[in-house]
Amino acid sequence: MEFEQYVCLSVFVLEFLSSVEAFSRPNIVFILADDLGFNDVGFHGSLQIPTPNIDALASSGIILNQYYGTPLCTPSRSAIMTGKHPIHTGMQHDVIYAAESWGLPLNIKLLPEYLKELGYQNFAVGKWHLGQFNKRYLPVSRGFIHHYGYWTGHKDYFSHNAEEFGMWGLDLHDGLEDDWSEFGNYTTRLFTRKAEEIIENHSPEEGPLFLYLAHLAVHSANPHSPLQAPRETVKRFEYIEDKNRRIFAAMVYELDLSIGRVVKKLSQKNLLKDTIIVFSSDNGGPAAGFNQNAASNWPLKGVKNTPWEGGVRMAGLVWANNLEQPGRVYTNLMDMVDWLPTLYGATGANCSSLKGIDGVNHWPTLTGKSDKPPRTKTVHNIDEGFGYGAVRKGPWKLVQGTTYNGDWDKWFGPSGRDNFTIDWKHYKKLIADSDTAKSLARIGARFGHFDKIVSQANVKCSNPPDISNCKPKVKPCLFNIESDPCEYEDVADKHPKKYTELLKLLEDYKHTQVPPRNKPQNPLADPKYFGYVWTYWADYLKI
């Protein structure tokens with residue numbers, strides 16, 4: 001468990017909260033993008049792909065600029081749901097493939113189960129990827145009233161078929177029922193429509209809403225057609241020369257429109273002013289063709305599934321009406337495991353009742369009730385199957401080992417700072433005209449100066465070195481992330497005491513890890529045996 005123990009403070013006086021009825025608690029909308037790069041949002045300084053709705057939330061919320069997780073989607077989603085580092089749940093290695101018989105352990109209480117006890121109405125839309133071989137591992141068995149979406153790691157945006165290792169089948173489900181009716185409808189728009197329906201049908205008298213909207217965007221689809229977007233949207237980005245990046249830009253644009261529509265629906269239902277909105281990527285972006293994708297983490301080093309900043313440092317923000325100094329950049333270290341106690345604390349519940357988790361509560365700091373940094377260290381992940389481990393303490397980061405024989409231990413663009421068609425003046429008008437900005441203005445939300453926010457959130461580095469002095473497969477590397485956020489120089493020889501301290505921290509974390517839960521694939525899970533549908537196959541096989 002986390003070595004530094006913090007008492008999770010409540011936002012309000014606990015004696016008073018015990019008498020407050022459930023429907024007075026805030027609604028929570030958690031929007032999770034898939035494989036979005038650090039540099040694929042406007043608030044990090046790139047204008048190549050406009051994200052005015054996301055940036056409107058950033059302008060009126062808080063940008064999480066030292067926000068970390070694991071570099072792959074199954075581990076990172078497990079961290080959100082459990083408040084535990086994946087090394088403590090057996091979810092640290094690789095991802096769950098649909099023909100494997102394992103998932104997030106059933107004996108661990110999840111975020112929606114905690115919220116259910118507080119009277120929340122919990123709904124999930126989109127990606128699950130935490131186990132589907134058995135019904136007991138599905139969202140409707142883990143605290144959600146209903147789930148609409150898919151269970152595996154990816155699928156086609158239009159046909160909704162998912163292909164893995166030569167096996168393919170439909171992966172779109174309405175609860176436990178297969179949904180064949182949406183063929184041809186673009187997934188990002190489909191999931192947005194389902195989220196809007198949930199908000200439209202929500203009755204505050206029944207309890208506050210928790211909506212977990214986990215988009216497919218901007219993850220690659222199946223290998224034969226990995227990047228997909230409506231043609232009319234792709235045409236908006238003809239100024240981007242690279243074809244793959246052009247399609248990717250259209251995928252991001254559709255994601256941004258989705259956020260605007262969700263915020264607008266919250267406003268129309270008079271729910272917005274009482275809602276906490278989280279926007280986050282699940283890991284760093286797959287850049288330069290990694291996973292057949294075209295994300296950008298510039299100027300950070302590495303890509304998805306690497307221990308470098310480009311793999312573990314994510315775009316993220318939080319919005320609520322009662323944040324301290326909205327429109328600012330939060331520089332405290334934050335990990336994905338912190339969402340469970342942070343959101344639990346934001347409801348007014350007593351976080352001291354949360355036992356055995358690694359997460360810490362940031363809500364008092366975000367709302368100005370405390371000025372103490374809730375977290376000072378974390379483990380980015382330890383994956384001995386891939387052969388790496390990475391930890392952070394204060395400004396210091398240690399990386400031991402790497403992935404893919406170091407082939408992706410580089411800096412990949414595009415930077416998005418040139419070859420665009422608009423300037424910042426016009427971009428700020430795009431933000432002001434967005435659905436999100438208009439909806440926030442209706443409730444009197446305050447906005448910060450976007451130029452100042454971008455200047456603070458933008459990571460600036462000099463040109464990458466031709467040859468790095470870091471050889472992580474030979475010897476662990478030490479970096480000062482505050483002065484060297486792009487991990488240009490290994491300073492282990494210059495700071496031997498810090499090197500020893502961080503190496504011990506990594507070894508301490510290693511001693512707490514549990515074995516990975518991964519299982520081999522079962523050929524009998526092939527969808528061809530189940531009407532060409534990815535299903536909870538182990539229930540049918542009675543294994």
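Predicted model only: the values in this text are computed from it and were never measured.
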- salt bridge (Lys or Arg N to Asp or Glu O under 4.0 Å) assessment of E196 paired with R193: CA-CA 5 Å; E196 289 175 313; R193 170 160 47 92; over 6 Å; no
- Carefully, step by step, assess W319 and S60 under the rule side-chain hydrogen bond (donor to acceptor under 3.5 Å, both in side chains). CA-CA 7 Å; W319 181 91; S60 184; 3.1 Å; yes
- Message: Tell me which pairs pass side chain to side chain donor-acceptor pair (under 3.5 Å) where either residue lies in residues 283-299, with sequence neighbours left out.
- Response: D35-N283, N39-S296, S220-N293, N291-K304
- Note on the structure: V234 meets the side chain to side chain contact (heavy atoms under 4.5 Å, CB included) criterion, sequence neighbours left out, with A229, R246, I247, A250
- Distance-only donor-acceptor check, side chains D409 and Y404, under 3.5 Å: no
- Task: Go through the structure and list residues passing ring-ring contact (aromatic ring centres under 6.0 Å, His included) with H160, not counting sequence neighbours.
- Result: none
- Task: Applying ring-ring contact (aromatic ring centres under 6.0 Å, His included), name anything that partners H44, two or more places apart in sequence or on another chain.
- Result: F38
- Charged N-O contact under 4.0 Å between K194 and D174: no
- Note on the structure: Between the CG atom in L111 and the OG1 atom in T82, the distance rounded to the nearest 0.5 Å is 9.5 Å
- Any side-chain heavy-atom pair of K397 and E487 under 4.5 Å: yes
- Message: Tell me if a side-chain donor or acceptor on S76 pairs with a main-chain N or O of D282 at a distance below 3.5 Å.
- Response: yes
- Item | side-chain hydrogen bond (donor to acceptor under 3.5 Å, both in side chains) assessment of Q48 paired with R245 | CA-CA 10 Å; Q48 187 183 50; R245 182 66 176 174; 2.8 Å; yes
- Task: List the steps, then state whether side-chain hydrogen bond (donor to acceptor under 3.5 Å, both in side chains) holds for Y68 with E309.
- Result: CA-CA 9 Å; Y68 291 88; E309 293 291 282; 2.6 Å; yes
- Message: For K473 and N405: C-alpha separation, side-chain torsions, deciding distance, then whether side-chain hydrogen bond (donor to acceptor under 3.5 Å, both in side chains) applies.
- Response: CA-CA 8 Å; K473 295 183 68 177; N405 200 35; 2.7 Å; yes
- Item | Trace of the salt bridge (Lys or Arg N to Asp or Glu O under 4.0 Å) decision for D451 with K425 | CA-CA 9 Å; D451 305 64; K425 179 180 178 181; over 6 Å; no
- Message: Could you check whether E232 pairs with K235 (Lys NZ or Arg NE/NH1/NH2 to Asp/Glu carboxylate O, under 4.0 Å)?
- Response: no
- Query: Can you tell me how far the CE atom of M336 sits from the CG atom of L64, to the nearest 0.5 Å?
  - Reply: 10.5 Å
- Message: Suppose the criterion is side chain to side chain donor-acceptor pair (under 3.5 Å): which pairs have a residue in residues 330-340, not counting sequence neighbours?
- Response: Y67-W339, Y330-N332, Y330-H362, D335-T378, D338-H362, D338-R375
- Message: So if I apply the side-chain contact (heavy atoms from CB on, under 4.5 Å) rule between E164 and each of T152, D171, D526, which one comes out positive?
- Response: T152
- Here the pair of heavy atoms bringing T436 nearest to A56 is CG2-CB, 3.7 Å
- Message: Using side-chain heavy atoms (C-beta onward) and a distance below 4.5 Å, is K428 in contact with S59?
- Response: no
- Using a 4.5 Å cut-off on heavy atoms from C-beta on, say whether the side chain of L190 contacts that of Y148. yes
- Mind telling me whether W128 and F144 have parallel, tilted or perpendicular rings, with 30° and 60° as the class edges? perpendicular
- Report, as yes or no, whether the 6.0 Å neighbourhood of atom CD on E241 holds more than 12 heavy atoms from other residues, nucleotides or ligands. no
- Message: My understanding is that only residues two or more places apart in sequence, or in another chain, count here; which of them pass ring-ring contact (aromatic ring centres under 6.0 Å, His included) with Y157?
- Response: Y186
- Item | Side-chain touch I31/V278, heavy atoms, less than 4.5 angstrom | no
- Query: Sequence neighbours excluded, which residues qualify as side chain to side chain contact (heavy atoms under 4.5 Å, CB included) partners of A538?
  - Reply: F133, I543
- Donor-acceptor contact present, side-chain N469 to main-chain D490, <3.5 Å: yes
- Query: Can you find a pair of side-chain heavy atoms, one from V391 and one from Y509, that are under 4.5 Å apart?
  - Reply: yes
- Item | Pair W537-Y529, ring pair (Phe, Tyr, Trp, His ring centres under 6.0 Å): steps then yes or no | CA-CA 9 Å; W537 51 269; Y529 299 121; over 10 Å; no
- Parallel, tilted or perpendicular: which describes the rings of W151 and H173, with under 30° parallel and over 60° perpendicular? parallel
- Say you draw a straight line from CG of L172 to NZ of K155; how long is it, rounded to the nearest 0.5 Å? 5.5 Å
- Task: Any chance you could measure Y253, atom OH, to R236, atom CZ, to the nearest 0.5 Å?
- Result: 3.0 Å
- Kindly write out the residues that satisfy side chain to side chain contact (heavy atoms under 4.5 Å, CB included) with N458, not counting sequence neighbours, or none if the list is empty. R417, K460
- Message: To the nearest 0.5 Å, what is the distance between NE2 on H85 and CD1 on I382?
- Response: 9.5 Å
- Tell me, do K429 and I431 make a side-chain contact under 4.5 Å, heavy atoms counted? no
- Message: Is it true that H215 and T188 share a donor-acceptor pair across their side chains at a distance under 3.5 Å?
- Response: no
- Item | Those residues that, when tested against C486, pass disulfide (SG to SG under 2.5 Å) (two or more places apart) | C461
- Note on the structure: Residue pairs passing the ring-ring contact (aromatic ring centres under 6.0 Å, His included) test with at least one member in residues 451-471, sequence neighbours excluded, are none
- Using the ring of W102 (Phe, Tyr or Trp, six-membered ring only), decide whether K519 places NZ or CZ under 6.0 Å from its centre and within 45 degrees of its axis. no
- Query: Can we call the ring centroids of W534 and F530 under 6.0 Å apart?
  - Reply: no
- Note on the structure: Output for pair (Y427 OH, F450 CZ), nearest 0.5 Å, gives 5.5 Å
- Could you tell me whether a side-chain N or O of D484 sits under 3.5 Å from a main-chain N or O of Y488, the two making a donor and an acceptor? yes
- Item | Heavy-atom closest contact (N53 atom, D435 atom, distance) | OD1-N, 3.4 Å
- Counterpart residues, side chain to side chain contact (heavy atoms under 4.5 Å, CB included), relative to W168 (two or more places apart): N161, E163, Y532
- Does I87 reach the side chain of V514, with side-chain heavy atoms less than 4.5 Å apart? no
- Message: So, using ring-ring contact (aromatic ring centres under 6.0 Å, His included) as the criterion, who are the partners of W396 when residues are at least two apart?
- Response: H495
- Query: If you take all heavy atoms of F30 and S280, which pair is closest and at what distance?
  - Reply: CE2-CB, 4.5 Å
- Query: Can you tell if the side chain of E100 reaches within under 4.5 Å of the side chain of N522, non-hydrogen atoms only?
  - Reply: no
- Query: Hey, is K494 close enough to E489 for a salt bridge, meaning N to O under 4.0 Å?
  - Reply: yes
